Number of protein chains: 2
Amino acid sequence: MTTRNPQQTRERLLKTAFAEIHAHGFQGMRVDEVLRKSGLKKGAFYHHFNSKVDLGYAVLEEQIRPLLESVWLRMLGEIEDPVMDFPRMLDNLGQTVPPEMREHGCPLNNLAQEMASQDEGFRKRIVSIFEDWIDGFAAVFEQGKTKGYIRKNIDSRVVARFMVAVLEGCIGVYKVEQTAEQWIACRSQIAAYLGTLRPE
Amino acid sequence: MTTRNPQQTRERLLKTAFAEIHAHGFQGMRVDEVLRKSGLKKGAFYHHFNSKVDLGYAVLEEQIRPLLESVWLRMLGEIEDPVMDFPRMLDNLGQTVPPEMREHGCPLNNLAQEMASQDEGFRKRIVSIFEDWIDGFAAVFEQGKTKGYIRKNIDSRVVARFMVAVLEGCIGVYKVEQTAEQWIACRSQIAAYLGTLRPE
DNA sequence: CTGCAAACAAACCAGTTGGTCTGTTATTTT
DNA sequence: AAAATAACAGACCAACTGGTTTGTTTGCAG
């Protein structure tokens with residue numbers, strides 16, 4: 001018969017759930033719909049996960065966190081001069097980003113805004129991922145300092161925290177407005193802000 | 001008996017629904033719970049509103065839009081020098097903001113992130129409110145130009161669009177992190193950004 | 001004063017939802 | 001090979017959810 005593959009089954013559930021959560025939010029995501037789209041049954045689901053919330057946590061840790069790493073942290077790792085390179089990367093991202101991201105925005109921020117104040121388990125995990133992102137940004141600015149691209153007396157973590165907030169804000173408003181105008185405005189002003197980090 | 005007051009009944013429903021949506025999101029808000037908290041019954045609800053979605057639209061137009069006007073647009077109207085005055089207003093806001101706003105963030109952005117890609121009726125109304133907000137900011141920068149506080153060659157609407165995005169981003173991340181550190185970082189960097197708008 | 005529409009109350013309902021339970025089959029352990 | 005267990009399938013269910021219906025009361029126009 002069809003040979004069993006529990007790891008793959010679990011992954012199928014996670015991938016489908018991730019897409020459904022991204023599209024409808026966690027509360028809007030329906031377990032039955034995940035099952036329908038993944039072609040699996042209740043038995044499989046509740047064998048791999050204890051509850052809907054448990055699935056949500058797993059999506060955060062096993063789908064969203066790796067996505068942040070493979071997209072943003074990888075990107076940040078390639079930055080030489082933050083002031084010049086980052087805005088260019090934003091342009092690049094703006095053109096390569098898949099349509100579902102354009103439509104539904106940042107999966108992490110969506111879950112964050114929906115669930116942070118609803119469930120402490122969600123909030124803690126989301127904070128942890130945000131901190132990783134902030135760490136990634138801070139490292140870029142620290143490196144930028146040693147290479148002379150960034151003023152020595154700026155606080156890299158403060159700037160990093162702001163950058164994460166700005167990006168989520170820009171992505172979020174773009175998701176609502178759905179106009180190039182909004183994205184271009186954000187991109188240009190992010191570049192202007194980064195200019196303040198330059199040594200005199 | 002208890003004298004009837006349809007306007008007040010409607011307002012009670014809207015006020016309660018606003019609080020429930022703010023606390024649990026639109027999808028998480030339950031009609032029955034709004035009824036319980038407002039002390040009213042199904043008959044009253046479906047007399048004043050056609051559906052749950054209809055109530056959501058009404059909350060946007062009759063609660064959230066006026067709130068934006070009474071908080072942000074009023075604030076912006078009092079600004080003389082945007083670069084100096086706005087960060088100070090942020091400090092003030094950070095201290096006077098009610099606890100439910102601290103916990104649940106911006107009611108407009110919450111609804112925006114949750115419902116924009118779910119329902120076009122929501123998205124359009126939210127865009128309309130965002131545009132009002134952007135208009136308010138743009139007016140401040142335009143006035144700032146004539147008074148010599150702002151460089152003449154900046155595009156007020158671009159800056160305004162960015163400011164709205166930044167604010168929503170900062171409020172959103174703060175809502176998750178719940179630390180003064182995050183808020184202070186955003187405040188200081190918003191001030192730094194606004195500095196780029198100064199004439200040389 | 002009367003009729004009539006507006007403003008509710010309250011019981012009711014059908015579809016949905018997350019979750020359970022029982023059974024069956026594949027896989028690993030002994 | 002036998003026993004145990006992991007990995008499912010599929011029927012089932014109680015609670016919930018938005019919405020409807022029917023009936024009653026209040027206020028107001030004529």
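Numbers restart at 1 for each chain; the letters A, B, ... are given by sequence-line order, proteins then strands. The structure presented is a predicted model; accordingly, all values stated were derived computationally and were not measured.
- A donor-acceptor pair under 3.5 Å is formed between the side chain of B/T16 and the backbone N or O of B/R12.
- The distance from atom CZ of A/R10 to atom C1' of D/dC8 is 15 Å, rounded to the nearest whole Å.
- Closest approach of B/P82 to B/P87, counting heavy atoms only: O-CD, 3.7 Å.
- Between the side chain of B/H22 and the main chain of B/L111, no donor-acceptor pair closer than 3.5 Å is present.
- As rounded to whole Å, 17 Å separates atom C1' of D/dA11 from atom CG of A/L40.
- A salt bridge does not link B/R65 with B/E69: none of the charged nitrogens is closer than 4.0 Å to a carboxylate oxygen.
- The phosphate of D/dA7 (OP1 or OP2) has no side-chain N or O of A/T9 nearer than 4.0 angstrom.
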Where along nucleotides 15-21 of chain D does protein come under 4.0 Å, by heavy atom, of base (B) or sugar-phosphate alone (S), with - for untouched nucleotides? --SBBB-

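- At whole-Å resolution of the value, CD in B/Q8 and P in D/dT26 are 17 Å apart.
- Between B/E120 and B/R125 there is no salt bridge, since none of the side-chain N atoms of the basic residue sits less than 4.0 Å from a carboxylate O of the acidic one.
- Here C/dA9 is the nucleotide among D/dT25, C/dA9, C/dT25 with the atom lying nearest to any side-chain atom of B/K41.
- With hydrogens and angles ignored, the 3.5 Å screen pairs no side-chain donor or acceptor of A/H24 with any backbone N or O of B/Q118.
- For the pair B/H47 NE2 and C/dA7 P, the interatomic distance rounds to 4 Å; values are reported in whole Å.
- Spacing between atom CD of A/E11 and atom C1' of D/dC8 amounts to 18 Å, rounded to whole angstrom units.
- A 4.5 Å side-chain heavy-atom check between B/Q113 and B/E168 finds every atom pair outside the cut-off.
- Comparing D/dA9, C/dC8, D/dG27 by their closest approach to the side chain of B/T3 singles out D/dG27.
- Rounded to whole Å, atom C1' of C/dA9 lies 13 Å from atom NE2 of B/H48.
- A/L35 has its CG atom 12 Å from the P atom of C/dG19, to the nearest Å.
- As rounded to whole Å, 11 Å separates atom C1' of C/dA7 from atom CG of B/N5.
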